[in-house]
Amino acid sequence: MQKYINIIGLEIHIEPNTKSKMFCSCPQDHFGAKPNTQTCPICLGLPGALPYANKEAIKKTIKLGLALGSKISEKSKFYRKHYFYPDLPKGYQISQKDNPFCVGGSLMSKKINHIHLEEDAGKLIHSGDESLIDFNRSGCALIEIVTEPVFNNVSEVLSFVKELQLIARYLDISNADMEKGTMRLEANISLKALLGGGRMDSREVGNLPDYKVELKNINSFKFLEKALKAEIERQTKALDNSEKLKQETRGYDEKTKTTFSQRTKTDSDDYRYFPEPDISPINSTEYIVHSTKIPELPQAKRDRFMDMYKLPKDYVEILISDLERANYFEQAVKLAPDLTKSIADLMINKNMDNEYPEPAGFVKKIVELTKIEYASTSDLEQAIKDVLFENPNIVDSYINGKGQVIGFLIGQVQKVLQGKGDPKMINVKLIESLQKNI
Amino acid sequence: MNIPLTIKETQDGLKSKKFSAVELVDAYLAQIKKYNSEYNVFLTVTEELAYAKAKEIDRGDKTSHLAGVIVSYKDIFLTKGVRTTAGSKILESYIPPYSATSVSRIEAAGAIPIGKLYCDAFAHGASGENSDFGRTLNPWGKEYVPGGSSSGSAASVSAGMSLISLGSDTGGSTRQPANFCNLVGLKPTYGVIPRYGVISMSSSLDTIGSFAHTVDDIEIMFDVMRGTDGYDSTVSNFKKPNIKNKFKLGIAKEYFIDGLDSEVENMINDVKKTYEKIGIEVVELTLPHTKYMVPVYYIIQPAEVSSNLGRFDGIRYGSARQSFGEEAKRRIMIGSYVLSAGYYDAYYEKAMKVRTKIINDFDEAFKTVDAIISPVSPTPAFKLGANTSDPLKMYLEDIYTTTANLVGIPGLAIPSTFSKSGLPIGFQLLGPRFSEHQLFELGKKYHKEIDYKPKIAL
């Protein structure tokens, strides 16, 4: 019997694939770049430097909001969020608070609280007793998606984040790679006791536990799954022993397969937010006009592929998980609608699309492969003669008007020809021969 | 040689070969060498840069707007490769890798940079006494403050150590020292001159101030520096408006407060009469929220200060946080307090609401008048040390000047006359947003009528 219900909320950061950082013209893509080679007075937070908001990043944030059914704030503002940390050169992060670009929305029936835009911090590198700071990432644009605490199990969480990744790719907002850090996950998790019989106390519906544990440093979907499971186990044990759980931030250790405490939050942090005076409020309506071209989203494509191409569910899933392949498949099918099944087969089981950059080349190859060497006409005529000779009763039935027996006869002929007969030809010749008998 | 007092005199002299740009630099440097150690005006003198630029001018183009004009900068303007301290110990050894937009524009127009000036640390102050390196003396009277926070800027121009100077104005830091040192000072409309590269004090109030002897020169500086730069996103461009020929001015009854010095009050009445004499109507008007000006200002400004100074956290720039001066610490404390959870609504949020009310006052006023005549400071320059033990009294210095910053409108400080004790007194004109050229016109009319002659103190 289930004793507890898991209450999980997500904070997902996505680095959009913009050309430049959030408030300066340094490159946004910092993967593999030599430390501190992509910086300027603005992203180093030097005295006198001012932020200039990146319109492309705003467009992409609003595009994501529109795709997820969020309400777009008419006047959106940036805020200063203050805290001291060596990787935060201004002593504040430019983020959003009231009136973020996107409010509400949902994905897979899971409610989204809001989506906002902010700048990233630098990266601390600790080695020995030295700590170094790489500011290449400082000031990079970062979209944050915050869900409501609406997930009750780990599999829901996993399908949600995977679907969100796919959507980011479909919308060309970001490649959302966990390993490159362009997608980063944080999960808030707490457990709530259920009544006997696994029911929730009706007075407790909608109430959240008085603590939550923030899981950080999760850099793959697999880790997310492991970390969540380990944390649920830890909290379950603690509650079973009537221990009081603390509000804290925990990380996941792959070696011990457990989570460990990183920082205890005694009180809610005071970030001394106030509206960023260096950036005037942004009128989102002009951005909506530019962002409304929302392409077909993964779920719509899934449904359409099932419906149009009658493919098995797992085939569809593989095809739509890569927008380029899905498009390739459709182009190929357009060239040879009869070969839909073969195209899908050869793509999924043989990865044959990799060998042909153009769908046309691929289709040509399939046609060659599926062309059958038919039996000669004389062999075919001989086979028909033999079959009719061996089945006088069936021939009689035909003569007596039972047209449907022709199917059986075709099958018999094909059997003699070991499947190498041209079905159309068999049909024509068979009917010819039977007519002679009438 | 006699040091020229206007841009035109400078350029006429260069063109007629009365003097070369190098000789000009010689003359200003001589003045600096003679008086700087006594008056604490320049923190850094950029002799080499000045001569290099002067030689360039002598060799080539003398037609650009500021060719040969000797300029000095308040030490919160970043100058590439030249130490920029903000008047603070924290940045005592800071050499910036880039220059402020205003600096680049002034120099692209041909000005010769001669050095960096004393100021109240991080521009916090109204007397120049909050500098971490020593206080600047008023060239018109050594026992008096030159005003602040752009103390060095005002002293530099009035002492003949530079012809023009850049300062900043967050709550009067250009207009008040200009007023105390017999200079024209402009606080422009917020969002007209880019702030990029000027160390931020209070980002929603900061503006780039100009100091010169005449309104004409201020106008040239303004036109050189204004317009978008792609770095300060609050800046917009505007076209120079057609100047009308019939003006109406107003004086707010709320300006005549208890602390207003009688000589300043008489001067304001004289200004009124002067304008009336040349056919400009002056009416009384009301700005009901005037009394909230200073309280609102001293919530919003420290809030933004506490945020902007956060970056000097002791990790970069070489100095620990203990090096902050008393005034900076005071503002960081007040600012952090008014932004704290639980107090934000009662202080910051409320101050922003009152700020809106103040803006409405002015919108209403400018429906009937083209500009408002106002004192700059309740008194002429006060004595060194007179207000240092009482921060609140020092804050009240800002009573007439914070308005323009809270409302975002331009204010032009105009020298008028001298007090009985020989100290300069003047007034300011406040106009609607983007009305600078109209204020210049009104300032020129006034100076023409009183036959104003610029002069230097030393």
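In this text, all values refer to a predicted model and were calculated from it rather than measured experimentally. Chain identifiers are assigned alphabetically (A, B, ...) following the order of the sequence lines, protein sequences preceding nucleic acid strands; residue numbering begins at 1 within each chain.
In this structure, chain B has a heavy atom under 4.5 Å from the backbone of Y273(A), while its side chain stays farther away. When heavy atoms are compared at a cutoff of 4.5 Å, F77(B) does not approach chain A at all. Neither the backbone nor the side chain of F122(B) comes within less than 4.5 Å of any heavy atom in chain A. For chain A, the nearby part of Y98(B) is the side chain; its heavy atoms alone come within less than 4.5 Å.
A donor-acceptor pair under 3.5 Å is absent between the side-chain atoms of D270(A) and the main chain of S340(B), judged by distance alone.
For the residue pair S306(B) and R272(A), the shortest heavy atom distance occurs at OG-NH1, 4.5 Å. Shortest non-hydrogen contact noted between E304(B) and R80(A) is O-NH1, 4.4 Å. Across all their heavy atoms, P275(A) and Y344(B) have their closest contact at CD-OH, 3.3 Å.
Of the listed residues (A303(B), S307(B), S203(B), G191(B)), the greatest number of heavy-atom pairs within a distance under 4.5 Å of chain A belongs to S307(B). Residue with the most contacts toward chain A among S204(B), S202(B), G197(B), A100(B): G197(B) (heavy-atom pairs, distance under 4.5 Å). Contact tally against chain A (heavy-atom pairs below 4.5 Å) for R195(B), E349(B), M352(B): the top residue is R195(B). In terms of heavy-atom pairs under 4.5 Å with chain B, the best-connected choice from C40(A), A49(A), S25(A) is A49(A). Contact tally against chain B (heavy-atom pairs below 4.5 Å) for P41(A), S280(A), G91(A): the top residue is P41(A). Comparing V338(B), L78(B), D232(B) by how many heavy-atom pairs each has under 4.5 Å with chain A, the most go to D232(B). Heavy-atom pairs under 4.5 Å with chain A peak, among S336(B), A86(B), P96(B), at S336(B). Listed options V198(B), I315(B), L309(B) were ranked by heavy-atom pairs under 4.5 angstrom with chain A; first place goes to V198(B).
Y347(B) OH: 12 or fewer foreign heavy atoms inside a 6.0 Å radius. Crowding of F133(B) atom CZ: a count of heavy atoms from other residues, nucleotides or ligands under 6.0 Å exceeding 12. Shown here is K357(B), whose NZ atom has no more than 12 heavy atoms of other residues, nucleotides or ligands within 6.0 Å. Summarising the local packing, NZ of K81(A) is surrounded by more than 12 heavy atoms from other residues, nucleotides or ligands at distances under 6.0 Å. When the shell of 6.0 Å around NZ of K97(A) is examined, it contains more than 12 heavy atoms from other residues, nucleotides or ligands.
To the nearest 0.5 angstrom, Y92(A) atom OH is 5.5 Å from N308(B) atom CG. In this structure, OH in Y85(A) is found 13.0 Å from CG in D313(B), a value given to the nearest 0.5 Å. To the nearest 0.5 angstrom, Y52(A) atom OH is 7.0 Å from T228(B) atom OG1. Here T234(B) contributes atom OG1 and L50(A) contributes atom CG; the two are 7.5 Å apart, rounded to the nearest 0.5 Å.
Geometrically, R321(B) engages F84(A) in a cation-pi contact, judged by NZ or CZ lying under 6.0 Å from the ring centre and within 45° of the ring axis.
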**OP:** Step by step, work out the side chain to side chain contact (heavy atoms under 4.5 Å, CB included) result for Y317(B) and L46(A).
**Re:** CA-CA 10 Å; Y317(B) 314 107; L46(A) 294 189; 3.8 Å; yes
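In this structure the side chain of Y196(B) reaches within 4.5 angstrom of the side chain of I42(A), judged on heavy atoms.
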